[in-house]
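Notes follow the structure.
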Amino acid sequence: MDSTEKESVTNLYYETPPSREEAEAIQKELQKRVITQNGFKEIKRVAGIDLAPIQGEERLVCGIIVFSFPELEELERVSARVDEQFPYIPGLLAFREGPAIIEAFKKVKYKPDLIMVDGQGIAHPRGLGIASHVGVILDIPSIGVAKERLYGKYNEPLDSEGSWTPLINPYKGNTIGAVVRTKKGTKPVFVSIGHKIDLRTAVRIARECTKGYRIPEPTRKADIFVAHLKTVKY
DNA sequence: GCGACAG
DNA sequence: ATCTTGTCGC
């Protein structure tokens, strides 16, 4: 690939949106940079990230809230609105939402030690879900916490808080994530390594961030934040 | 060819 | 994600 293409690999912005093939090629390159071991000493701040489309505006709004950890007291919240440049295609979510995340992250003053993204980490067909993609580009530890499965097979975890089962790559048979029951009586969430963290730690952090709701506080609060932002004109 | 398919 | 009212369950 030439220098322009090489540049596009480390950048989520593009003059012309990449084709599906180009996007998948970029994912295969970035996947090689994912680190599946803890790349931090201590986690003192965790950020939750979420997005939502602004109906009728062809734009997306991204909200990021930074919390102290493990206290989970809010330290800061920022947001950014960007034009839609890519459609939603299963497996290529980062090309749609990534630019808004990068833009909003630039405004964060209290840089987090870990970011929690609403979506998959390595539990993805090419091992690079949005949480991993953004983690690698920002070079910051990350974990993916998705509400639905994208890839992998699993057995339903028992209906008790904290129960979890492994999410397995159907071809290789290795574990790519965890199906975690964060709240009894509700559907489980899909936790996977984003970047610079191992699975057991990712599951532990997700659980420590859970406060009585199915969704961990960082992404849950970020979701409420963007739902509000959508209704405000700017 | 037939399903599956994050947000 | 979004379109959408009432409704089942704690």
Side-chain angles (χ1 to χ4, degrees), chain A residues 12 17 20 23-24 26-27 30-31 34 48-64 79-104 115-137 142-154 159-161 167-171 176-195 199 202-203 206 212-216 218-231:
Chain A
L12 267 167
R20 188 183 190 117
E24 293 183 359
I26 288 172
Q27 292 184 321
L30 285 182
Q31 194 285 324
V34 173
I49 301 177
D50 194 32
L51 296 91
I54 302 175
Q55 63 281 59
E57 282 193 31
E58 302 267 300
R59 293 198 298 167
L60 299 177
V61 59
C62 172
I64 298 179
S79 64
R81 294 159 197 267
V82 306
D83 292 332
E84 284 187 23
Q85 305 178 64
F86 203 87
Y88 168 67
I89 297 175
L92 300 180
L93 182 62
F95 292 89
R96 174 179 175 74
E97 305 192 335
I101 294 177
I102 301 303
E103 202 58 37
I115 56 177
M116 185 178 287
V117 182
D118 187 356
Q120 314 293 341
I122 64 172
H124 175 280
R126 288 169 293 285
L128 195 86
I130 190 169
S132 296
H133 197 141
V134 172
V136 169
I137 286 184
S142 65
I143 72 177
V145 178
K147 297 183 290 297
E148 303 285 350
R149 179 198 74 93
L150 167 66
Y151 187 70
K153 59 186 180 66
Y154 66 96
D159 188 26
S160 61
E161 185 179 317
L167 182 59
I168 308 294
N169 179 315
Y171 293 105
I176 56 176
V179 185
V180 186
R181 188 81 66 186
T182 48
K183 177 181 170 67
K184 177 176 170 60
T186 66
K187 299 193 302 180
V189 294
F190 300 77
V191 178
S192 58
I193 289 171
H195 183 53
L199 184 60
V203 171
Y213 294 91
R214 179 169 82 114
I215 307 302
T219 43
R220 192 179 76 81
K221 291 283 184 54
D223 179 85
I224 294 172
F225 180 34
V226 297
H228 167 66
L229 290 173
K230 287 183 58 175
T231 71

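So that the names make sense, note that chain A is the first sequence line, chain B the second, and so on, each numbered from 1.
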Intra- and inter-strand pairs of DNA chain B in dot-bracket (Watson-Crick or G-U wobble, both distances under 3.5 Å; | for another strand): .......

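- Using a 4.5 Å cut-off on side-chain heavy atoms (C-beta onward), A:His124 and A:His133 make no contact.
- Remark: the backbone N or O of A:Ile176 is not paired with any side-chain donor or acceptor of A:Ser192 at under 3.5 angstrom.
- With rounding to the nearest 0.5 angstrom, the CD atom of A:Glu148 is 7.0 Å from the CZ atom of A:Phe190.
- As rounded to whole Å, 13 Å separates atom P of B:dA6 from atom CZ of A:Arg214.
- The CZ atom of A:Arg59 sits 6.0 Å away from atom CZ of A:Arg81, with the distance rounded to the nearest 0.5 Å.
- The distance from atom CG of A:Leu199 to atom CD1 of A:Ile143, rounded to the nearest 0.5 Å, is 10.0 Å.
- For the atom pair OG (A:Ser160) and NZ (A:Lys184), the distance works out to 7.0 Å, reported to the nearest 0.5 Å.
- Residue A:Ile54 is out of contact with every strand shown, counting any heavy-atom pair closer than 4.0 Å.
- At the phosphate of B:dG7, neither OP1 nor OP2 sits under 4.0 Å from any side-chain N or O atom of A:Arg96.
- A:Arg181 contributes a side-chain N or O that, together with a main-chain N or O of A:Thr186, makes up a donor-acceptor pair within less than 3.5 Å.
- Rounding to whole angstrom units, CG of residue A:Leu93 and P of B:dG7 are separated by 8 Å.
- Here A:Glu148 lies in heavy-atom contact (under 4.0 Å) with sugar-phosphate atoms only.
- Distance CD (A:Glu97) to P (B:dG7): 9 Å, rounded to an integer number of Å.
- Spacing between atom CD1 of A:Ile101 and atom P of B:dG7 amounts to 13 Å, rounded to whole angstrom units.
- In this structure, A:Gly91 reaches the bases: a heavy-atom distance under 4.0 Å links it to at least one base atom across the strands shown.
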Worked check of side chain to side chain contact (heavy atoms under 4.5 Å, CB included) between A:Val134 and A:His195: CA-CA 9 Å; A:Val134 172; A:His195 183 53; over 6 Å; no

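- Proximity of A:Tyr151 to the phosphate of B:dA6: no side-chain N or O atom is located under 4.0 Å from OP1 or OP2.
- The phosphate of B:dA6 (OP1 or OP2) has no side-chain N or O of A:Lys147 nearer than 4.0 angstrom.
- Bracketed by its first and final contacts, the part of DNA chain C lying under 4.0 Å from non-hydrogen atoms of chain A reaches from C:dA1 to C:dT2 in 5' to 3' order.
- Heavy atoms of A:Lys153 sit nowhere under 4.0 angstrom from any nucleic acid atom.
- No side-chain heavy atom of A:Ile215 sits under 4.5 Å from any side-chain heavy atom of A:Asp223.
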